[in-house]
Structure formats: C-alpha cells, structure tokens
Amino acid sequence: MKFVKSSLCLALLSGLSFNALAEVDIYGKANVTVQSSDDGEGSFTEIKSNASRFGLKGSEKISDGLEAVYKFEFQVDVSDADSKGDKDNISARNQYVGFKGGFGQVVIGRNDTALKQSQGKVDLFSDLEGDIKNIFKGENRLGNSVSYASNSYEGFKVLASFIAEDDVDAKNGYSVALTYGDAGLKKSAVYAAIAADSEVNGYDVVRATVQGKIEDFRLGAMYQTQEKVDGSAEADGYLVNAAYLMGSNTFKVQYQAMDFDGSDDKSAVTVGVDHKLNKNLKVFGFYSSFDMDNNVDQDYLGLGMEYKF
C-alpha cells in the first residue's frame, strides 16, 4: 500500500484543494474467473483476476471555462497467484493530470493511446482471454505521453497522443484518431472510428472500427493493418461480433483473425453469456478457442463475476 499512499501524496502536492479532494470520485471493479485453461500443453484449473482495478479522479475549477483534472488508477490482482507473496499485486493503469476547457482536454502522464481508445466498446470480451490484445497490436497504455481529446462537434471527436522518446536511440511515437458517436451506444445508434499509430511501441498500425445497435442486437466490426517499424511482420486482420440482449441476459459471440505475410496466422472465436443481477453486479461464462497455425492451439472455459463500485 506504500505505492498507493505515495500517489495520494502526489495528488495533494499537485495543489488540489481540500474541497477538490472531498469531491473526489472513487471507483473500481473486481472481475474474477475460475477457469479451465489449456495453453497448448494440457489443461489446468486457475483463478484469474481480469484487470480488477480501483481509482480516484476529479477536477477543480480554475476559472470560467478552465478546470484542472486528474486520475490515478491502479490494477489489482485479487487472485494473488504467487503463494510466496513476492508478486506485487498492484500496478499502474491510467494516471495523469491536466487541463479541460473549451479546447477539449490535455493531460500528461500514463494513458491509453488514441488508437486504443478508438476501439470504444467493440471488444465484447475485453480483459478476458478473448480480448483483442491477444491477436491485434496497438492495445497500448504508455507513460511519457501527452494526450489530447477534443470536445464533441456534431458527434465527432479528435484524439491524439504524443509518446516522448525515453532514450537517445528511441523515436517519438504518435497516435491519432477520429471518432463519431457514443461508444456506449446510449446517445447514438452507431459508433465509428478511424485511427493510426506511428512508431508506437515498435509498430505502425491503421485501424477502423464500427459498432451499431438494432433493437436488442449489437453488431461490431474492426479492420486493422499492422507492421513493425523496420518493415517486417506485416499483417492485416479483422474482427466481427454480435450480442443479443434478452432481459437480464446478454448472449455474445466474437471472431477475430490476423493474416501475417509469410508467417503463422492467428484466429480466435469466443462465445459467452452475461447475467446481470443488478446495476453493479453480473455473473458470466465464456469459452475461447485460439488457432495459432503453429500446432499450439489454446482453449479456455471460464465462469466469473464482476462487481463495479
């Protein structure tokens, strides 16, 4: 907990007033699964903490039309698989401070890149075994970054990230995105985005995302091209998925594939169902199967629960 206390002290030293701290928004979620996992060498049973987290965020008015904003978010491994207690079960997620006004929002620190943010909520199995990060490059949360998000104009928003070089041989990275609509599909029936990374975490990436709703159905798709900055490991891939809401249940299916030039291809299919018990609590089950085209197939079957606060 020393790490947490240190970050809270940083918030105090940042000049946030007592009144601002009193109005801080404390939030988080615990997501845990019991699952049978087969990584290609036989199945075993494990308990996994799937990006469980807690955080605090808030703002303080500086003048009319200008606010200081901050967020300190931490990931917690509530399963704590290391029986010896050597594993640090608290790690950093998005943590930044900045300004918000009529120009939009500018923050400095650790943050999801514009390309990562552009996916919205299209990934139906985010943080689980079927997460798109296991097939697609570009799911980056990086420090040494400056992030910009414009205000919405007729439903359109611009996102941009600058990732500073951290040594003499490194190059600055850039990530940009243009989005349209509400990612939660609550204020609009369609969400769409186009995004690109240039020399971000060793890759150049271009990604297009779209998701929409028709009555109780949610349909999503993604197309991506990616390659290492040295020109190797070129690949293109796609994702398609569908969800159907029936009362307190949501039935989901997702397929994703990546085709590499002159190398092994990757694909994954995941099916699952969520059952909402109330606004903050749900139980769920899923099955994910990966075909890595290298004679090492992977399968995961899990049951879990998620509680948000």
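A side-chain donor from one of R207 and Q224 sits under 3.5 Å from a side-chain acceptor of the other. A side-chain N or O of E67 and one of S59 form a donor-acceptor pair less than 3.5 Å apart. Of the N and O atoms on the side chains of N249 and Y244, not one donor lies less than 3.5 Å from an acceptor on the other residue. Defined by atom type and a distance below 3.5 Å, a donor-acceptor pair is missing between the side-chain atoms of D182 and S188. A side-chain donor-acceptor contact under 3.5 Å links S37 and E46.
Not one N or O on the side chain of N31 forms a donor-acceptor pair closer than 3.5 Å with the backbone of Y307. S49 places a side-chain N or O within 3.5 Å of a backbone atom of V78 that can act as its donor or acceptor partner. A donor-acceptor pair under 3.5 Å is formed between the side chain of Q117 and the backbone N or O of D112. Using modelled atom types, one side-chain atom of S150 and one backbone atom of V158 make a donor-acceptor pair closer than 3.5 Å. In this structure, D123 contributes its side chain and I132 its backbone to a donor-acceptor pair below 3.5 Å. In this structure a side-chain-to-backbone donor-acceptor pair under 3.5 Å is present from Q226 to K137. Put simply, the side chain of Q256 gets close to the backbone of G130: a donor and an acceptor are under 3.5 Å apart. No donor-acceptor pair closer than 3.5 Å links the side chain of D259 to the backbone N or O of A235. Between the side chain of T179 and the main chain of S118, no donor-acceptor pair closer than 3.5 Å is present. Under the 3.5 Å distance criterion, the side-chain polar atoms of Q95 are matched with a main-chain donor or acceptor of E73.
Put simply, the side chain of V76 reaches to within 4.5 Å of the side chain of N89, judged on heavy atoms. Side chains of R141 and R110 form a contact here, defined as non-hydrogen atoms less than 4.5 Å apart. Side-chain contact between I163 and V200: present, with at least one pair of heavy atoms (C-beta onward) separated by less than 4.5 Å. At a threshold of 4.5 Å between non-hydrogen side-chain atoms, the residues D197 and D204 do not count as touching. Contact annotation: the side chain of R218 approaches that of L245 to within less than 4.5 Å [non-hydrogen atoms, C-beta and beyond]. Within the 4.5 Å cutoff, the side chain of V34 has no heavy atoms near those of the L303 side chain. Taking 4.5 Å as the limit, every side-chain heavy atom of F290 sits out of range of all side-chain heavy atoms of S267. Residues D274 and K252 have side chains in contact (heavy-atom distance under 4.5 Å, counting atoms from C-beta outward).
With sequence neighbours excluded, the residues forming a side-chain contact (heavy atoms from CB on, under 4.5 Å) with A189 are K213, listed by chain and number. With sequence neighbours excluded, no residue forms a ring-ring contact (aromatic ring centres under 6.0 Å, His included) with F103. With sequence neighbours excluded, no residue forms a salt bridge (Lys or Arg N to Asp or Glu O under 4.0 Å) with D131.
Placement of V210 and L178 in two distinct hydrophobic clusters is found when ILVMFWY residues are connected by side-chain heavy-atom separations under 4.5 Å, directly or transitively. In the hydrophobic cluster analysis, where Ile, Leu, Val, Met, Phe, Trp and Tyr join through side-chain heavy atoms closer than 4.5 angstrom, I90 is grouped together with F309. When the side chains of ILVMFWY residues are joined at heavy-atom separations under 4.5 Å, either directly or via intervening members, Y300 and I135 end up in a single hydrophobic cluster. There is a path of hydrophobic side-chain contacts, each under 4.5 Å, that joins I26 to Y70. Put simply, V24 and I62 are part of two different groups of oily side chains (I, L, V, M, F, W, Y) that touch within less than 4.5 Å, one to the next.
The side-chain contact (heavy atoms from CB on, under 4.5 Å) test with F286 is passed by exactly one of L128, V273, V271, L124: L128.
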For this session: With side chain to side chain contact (heavy atoms under 4.5 Å, CB included) as the test, would you mind laying out the steps for F136 and M258 before giving the verdict?
Result: CA-CA 7 Å; F136 289 71; M258 186 64 66; 3.7 Å; yes
For this session: Might you work through the side chain to side chain contact (heavy atoms under 4.5 Å, CB included) test for V205 and T225, ending with a clear yes or no?
Result: CA-CA 6 Å; V205 178; T225 63; over 6 Å; no
For this session: Could you give me the CA-CA distance, side-chain angles and deciding distance for Y174 and F162, then say whether ring-ring contact (aromatic ring centres under 6.0 Å, His included) is met?
Result: CA-CA 5 Å; Y174 302 89; F162 168 75; 5.5 Å; yes
Problem set entry | CA sep, side-chain torsions, deciding dist, call: S147, N111, side-chain hydrogen bond (donor to acceptor under 3.5 Å, both in side chains) | CA-CA 7 Å; S147 304; N111 202 13; 3.2 Å; yes
Exercise. Taking it one step at a time, do S161 and S175 satisfy side-chain hydrogen bond (donor to acceptor under 3.5 Å, both in side chains)?
Worked result: CA-CA 5 Å; S161 306; S175 182; 4.7 Å; no
For this session: With ring-ring contact (aromatic ring centres under 6.0 Å, His included) as the test, would you mind laying out the steps for Y238 and Y223 before giving the verdict?
Result: CA-CA 4 Å; Y238 66 93; Y223 176 77; 8.0 Å; no
For this session: Give the C-alpha distance, both sets of side-chain angles, the deciding distance and a yes or no for side-chain hydrogen bond (donor to acceptor under 3.5 Å, both in side chains) between N50 and T33.
Result: CA-CA 8 Å; N50 305 296; T33 51; 3.2 Å; yes
Exercise. Hey, mind stepping through Q75 and R93 against side-chain hydrogen bond (donor to acceptor under 3.5 Å, both in side chains) and telling me if it holds?
Worked result: CA-CA 6 Å; Q75 183 165 311; R93 288 177 60 86; 3.1 Å; yes
For this session: Tell me, with the steps shown, if K228 and E234 meet side chain to side chain contact (heavy atoms under 4.5 Å, CB included).
Result: CA-CA 7 Å; K228 288 186 176 181; E234 294 184 29; over 6 Å; no
For this session: Could you go through the side chain to side chain contact (heavy atoms under 4.5 Å, CB included) check for Y96 and N94 one step at a time?
Result: CA-CA 7 Å; Y96 54 71; N94 291 337; 4.2 Å; yes
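A distance of 8.5 Å separates OG in S152 from NZ in K187, rounded to the nearest 0.5 Å. Here NZ of K157 is found 14.0 Å from OH of Y180. Values are rounded to the nearest 0.5 Å. In this structure, N140 CG and N201 CG are separated by 4.5 Å, a value rounded to the nearest 0.5 Å. To the nearest 0.5 Å, the span separating CZ on R53 from NZ on K308 amounts to 8.5 Å. Interatomic distance, L159 CG to Q105 CD, rounded to the nearest 0.5 Å: 10.5 Å. Separation of atoms OG (S289) and CD (E129) is listed at 12.0 Å; rounding is to 0.5 Å.
The 12-atom threshold is exceeded at OH of Y203, counting heavy atoms of other residues, nucleotides or ligands nearer than 6.0 Å. With a 6.0 Å radius and a threshold of 12 heavy atoms from other residues, nucleotides or ligands, F44 has its CZ atom above the threshold. For F99, the CZ atom sits in a loose shell: 12 or fewer heavy atoms of surrounding residues, nucleotides or ligands are nearer than 6.0 Å.
The two atoms that bring T250 and A243 nearest to each other are CG2-CB, 4.1 Å, heavy atoms only.
Looking at K29 and D127, a side-chain N of the basic residue comes within less than 4.0 Å of a carboxylate O on the acidic one, giving a salt bridge.
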